Every structure is written in structure tokens, then in C-alpha cells.
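Written out below as C-alpha cells is the structure these notes cover.
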Amino acid sequence: MRVLITGISGFVGAILAEYLMSDSFGRSLEIHGTIHRADSRIQSLRDRLLLHKGDLRNPSWIDQVIGDVKPDLVFHLAAWSDVRGSWDQPWAAYELNIGAQLNLLEAIRRHVPCARVLVVASSEVYGLIKTEDLPLDERTPLRPNSPYGISKVAQDLMAQQYWFNFSLPTVRVRSFNHIGPGQSDSFVASAFARQIADIEAGQQEPVLRVGNLQAERDYTDVRDMVRAYWLALEHGESGGVYNVGSGSSHSVQELLENLLQLSVVDIEVEQDPQRLRPSDVARTVCDPAELFRATGWRPSITLRQSLADVLQYWRNYAGARQDNPPADGRP
């Protein structure tokens with residue numbers, strides 16, 4: 001069975017590839033992946049992957065890749081994923097999320113119309129959430145309130161349209177917040193953990209800068225997320241949509257307190273206006289009942305364990321920087 005993972009060198013793509021090649025997965029797959037720039041996250045996997053370097057915004061390139069690979073399963077993970085950054089670069093978010101997916105689905109429709117395709121949307125499609133909407137299920141109205149959210153709604157509905165019009169067997173997932181080792185520090189838990197690791201290593205003053213600590217989100221470890229993605233594509237209904245989350249919410253303050261408890265030094269906390277979003281929802285929490293029923297999936301990694309692993313990842317990174325300082329001596 002041939003599997004194509006777009007964005008395989010990204011945070012989630014690399015974890016998914018590792019999971020699909022693990023002994024615990026128990027199947028033999030031919031795994032292809034698209035990469036655009038950096039591939040450092042998959043260095044240890046390179047000899048077991050078939051990689052295709054190019055830009056999904058180029059329709060000719062992705063048409064050739066799909067025609068050559070003819071995948072049975074496609075996990076579409078390549079995307080703009082920075083919600084806050086989408087306010088500064090809205091067109092980039094639209095081009096990377098909407099345009100790239102359109103090129104991909106068109107190529108699949110032409111060459112392998114029976115391939116099952118997982119399209120990953122986001123809880124940001126729900127946008128302006130009312131208290132009476134909680135917990136959010138798949139029937140909650142979509143009220144996107146950021147450029148990123150709008151782009152993910154377009155991806156979600158485009159996948160549904162290709163099922164309606166072309167019988168392309170797409171499955172949509174709306175992922176709630178996920179965390180784990182290797183995540184960019186543009187995301188809150190990883191941002192906190194990196195600052196703590198730098199403080200512990202003496203590379204930053206003992207002050208941790210934060211944004212809104214009151215927001216509550218539904219967090220799931222990325223290693224649980226990729227299991228959900230596989231099960232959704234394997235068992236999900238074609239044209240269907242599934243929320244992916246834990247079903248419980250935690251405040252950013254709680255994330256911070258857990259990480260500070262895991263630290264070995266005393267740290268002050270200061271609010272940084274630059275870390276506040278133009279629009280922020282007070283609380284989101286997922287109703288994952290549809291996914292549970294369809295797949296039997298349940299998250300298995302606790303929030304505390306996820307945070308400990310994220311912090312250790314950044315500790316290792318800080319230690320590596322100390323062992324290999326830049327030639328000019330700058331931190």
C-alpha cells in the first residue's frame with residue numbers, strides 16, 4: 001500500500017511517518033512524502049522514505065508527483081499553521097492552505113480518484129464560540145474569526161465538495177490544539193518550554209514572557225493525534241468530518257504552572273503585549289464522540305507527560321547550543 005504524506009518534514013508529518021514505520025504499527029507501507037524546504041525532522045527516517053521536493057502551489061509539480069506515485073492513501077498535512085501570523089500575512093495563509101489543497105485534489109481526481117484522502121482542518125473553523133455551543137461537535141456553526149480560520153474552513157468544505165461532485169473519498173478532521181516534543185515555539189506550550197530551558201541553561205534572564213493566560217483549550221499530544229488520523233482515514237466515512245480532541249479543556253495558566261513546576265530554577269512571569277492575538281476565544285472544548293464511535297480511538301498520553309516531554313526537548317536543544325556555539329560567539 002502506498003501512502004503519501006504532504007508536509008512530511010513538518011511537526012505532525014514527521015511524527016506520523018515515524019508512527020507508520022514503527023514496530024507497534026504492525027504494517028508494511030511504502031511511504032512517500034512531499035517536502036518544501038527543511039527536512040531536519042526526518043533525517044533519521046530518510047533511508048526508509050521516498051521523498052519528493054517541490055512546492056504544492058505549483059500545480060504541474062504536484063500533478064507529476066501524484067501521477068508517478070499513484071498513492072492509495074493521502075494525508076494532507078502541508079499547511080500554514082500559525083494562527084497569530086495569519087493576521088500579518090493573510091494572503092500567504094490563503095495561498096498555502098487553499099491553493100495548495102486545490103492543486104492536490106485536482107491531481108488526485110485526475111490520476112487516482114479512488115485514493116482515500118485525509119484533509120486536516122482545525123478547531124479554528126468554529127471561530128467565535130458561544131457558551132451554549134460547548135462542547136463543540138461537528139454540527140456547531142462555523143464562524144471563523146481569523147485569516148487562518150477562514151483558510152481552514154475553505155479546506156474543509158473543499159474536501160466535502162470533491163466528495164459530493166467527484167466521489168473522491170475524502171475524510172475531514174477538525175483537530176483541536178495539539179502539543180508535543182518538536183513543536184515550533186510559535187505555539188504556546190512550546191514557547192513557554194523553550195524560554196524555561198533557555199533560562200535553566202543561563203541563555204536568558206529568569207523572566208518568562210507570556211500572552212493571554214486565561215484562554216482555555218482542548219490539548220492532545222501529537223503522538224495521539226497521528227493515531228487518530230490513521231484511524232479516521234481507515235475507518236471514517238467518506239465525505240465525513242470528525243473532531244479530534246480530548247474532550248476536556250485546560251487554561252494556558254495551567255500549562256504555565258505545570259511547566260514552572262517541572263523547572264529547576266525560580267522564574268518570574270511578565271505579560272508581553274506582542275504575544276496577544278487580535279482575536280482570542282475564551283474557551284474551546286471538543287466533543288469527540290463521533291470519532292470515538294467510528295474508530296475506537298482514545299487519547300493515551302496525559303497533559304503532564306506531554307509538557308514534560310516538550311520541556312525535555314527544549315532542554316536538549318539548549319544543551320546542544322551550549323556544546324556547539326556559533327563561530328562568532330553570539331547566543
Side-chain angles (χ1 to χ4, degrees), residues 9-16 18-19 37-45 81-85 176-226 246 248-277 280 299-331:
S9 59
F11 170 53
V12 181
I15 299 294
L16 175 61
E18 185 176 352
Y19 169 65
R37 293 192 184 94
D39 60 357
S40 58
R41 285 192 176 99
I42 54 171
Q43 283 299 320
S44 63
L45 308 175
S81 58
D82 184 357
V83 180
R84 185 159 56 95
F176 284 66
N177 298 65
H178 42 289
I179 60 176
Q183 189 173 33
S184 163
D185 62 353
S186 62
F187 295 87
V188 64
S190 201
F192 291 164
R194 179 170 188 174
Q195 290 186 73
I196 291 171
D198 284 349
I199 291 168
E200 291 178 343
Q203 297 172 5
Q204 178 180 319
E205 62 178 332
V207 177
L208 194 152
R209 293 170 177 84
V210 303
N212 177 16
L213 297 179
Q214 304 310 310
E216 295 184 29
R217 298 290 182 265
D218 189 323
Y219 295 98
T220 302
D221 191 284
V222 65
R223 292 161 289 189
D224 281 329
M225 276 283 180
V226 298
S246 69
S248 60
S249 64
H250 302 270
S251 70
V252 178
Q253 178 76 45
E254 185 178 346
L255 300 188
L256 178 60
E257 289 174 355
N258 272 275
L259 285 165
L260 290 174
Q261 289 168 11
L262 291 165
S263 178
V264 297
V265 297
D266 293 328
I267 299 173
E268 295 182 26
V269 176
E270 289 184 359
Q271 189 170 76
D272 179 0
Q274 296 298 317
R275 296 175 184 268
L276 298 173
R277 292 183 186 174
D280 213 348
S300 62
I301 301 173
T302 66
L303 179 63
R304 179 80 170 191
Q305 185 61 56
S306 295
L307 294 171
D309 291 347
V310 172
L311 180 55
Q312 188 58 50
Y313 169 84
W314 285 112
R315 283 172 173 160
N316 295 342
Y317 182 84
R321 284 191 297 168
Q322 283 188 315
D323 294 339
N324 300 283
D328 60 8
R330 292 180 299 175

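No experiment lies behind these values; they were computed from the predicted model shown.
Here the CD1-CD1 distance, from Ile267 to Ile199, works out to 4.0 Å after rounding to the nearest 0.5 Å. Phe187 contributes atom CZ, which lies 7.0 Å from atom NE2 of His178 (distance to the nearest 0.5 angstrom). With rounding to the nearest 0.5 angstrom, the CG atom of Leu259 is 13.0 Å from the CH2 atom of Trp314. A distance of 4.5 Å separates CD1 of Ile179 from OG of Ser306, quoted to the nearest 0.5 Å. Separating the CE atom in Met225 from the CD1 atom in Ile15 is a distance of 13.0 Å, to the nearest 0.5 Å.
Put simply, the side chain of Glu200 gets close to the backbone of Val264: a donor and an acceptor are under 3.5 Å apart. Not a single donor-acceptor pair under 3.5 Å links the side chain of Ser246 to the backbone N or O of Thr220. Side chain of Asn258 to backbone of Arg304: no donor-acceptor contact under 3.5 angstrom is found. No donor-acceptor distance shorter than 3.5 angstrom exists from the side chain of Asp198 to the backbone of Gln203, with no hydrogens or angles considered. Of the possible donor and acceptor atoms, one in the side chain of Gln271 sits under 3.5 Å from a partner among the backbone N and O of Gly211. Not one N or O on the side chain of Arg223 forms a donor-acceptor pair closer than 3.5 Å with the backbone of Ile301. Without hydrogens or angle criteria, Ser190 side chain to Gln183 main chain gives a donor-acceptor distance under 3.5 Å.
Nearest heavy atom pair, residue Asp218 against residue Phe176, reads O-CB, 3.7 Å. A pairwise comparison of heavy atoms in Leu307 and Ala189 identifies CD2-CB, 4.0 Å as the closest pair. Listed here is the closest heavy atom pair of Leu311 and Ala197: CD1-N, 4.2 Å. The shortest non-hydrogen separation linking Leu262 to Arg315 is O-NH2, 2.9 Å.
Counting only heavy atoms from C-beta outward, the side chains of Leu260 and Val269 approach each other to under 4.5 Å. Two residues are said to be in side-chain contact when any heavy atoms from C-beta on lie closer than 4.5 Å; Leu256 and Val188 fail this criterion.
Between Tyr219 and His250, the angle of the ring planes lies from 30° to 60°, which puts this pair in the tilted group.
For the 3.5 Å distance criterion, the side chains of Glu257 and Gln253 qualify, holding a donor opposite an acceptor. There is no side-chain donor-acceptor pair under 3.5 Å between Gln204 and Arg194.
Residues forming a ring pair (Phe, Tyr, Trp, His ring centres under 6.0 Å) with Tyr313 (at least two apart in sequence, or on another chain): none.
Residue pairs meeting the salt bridge (charged side-chain N to carboxylate O under 4.0 Å, His left out) criterion with at least one member in residues 202-216, sequence neighbours excluded: Glu205-Arg209, Glu216-Arg283.
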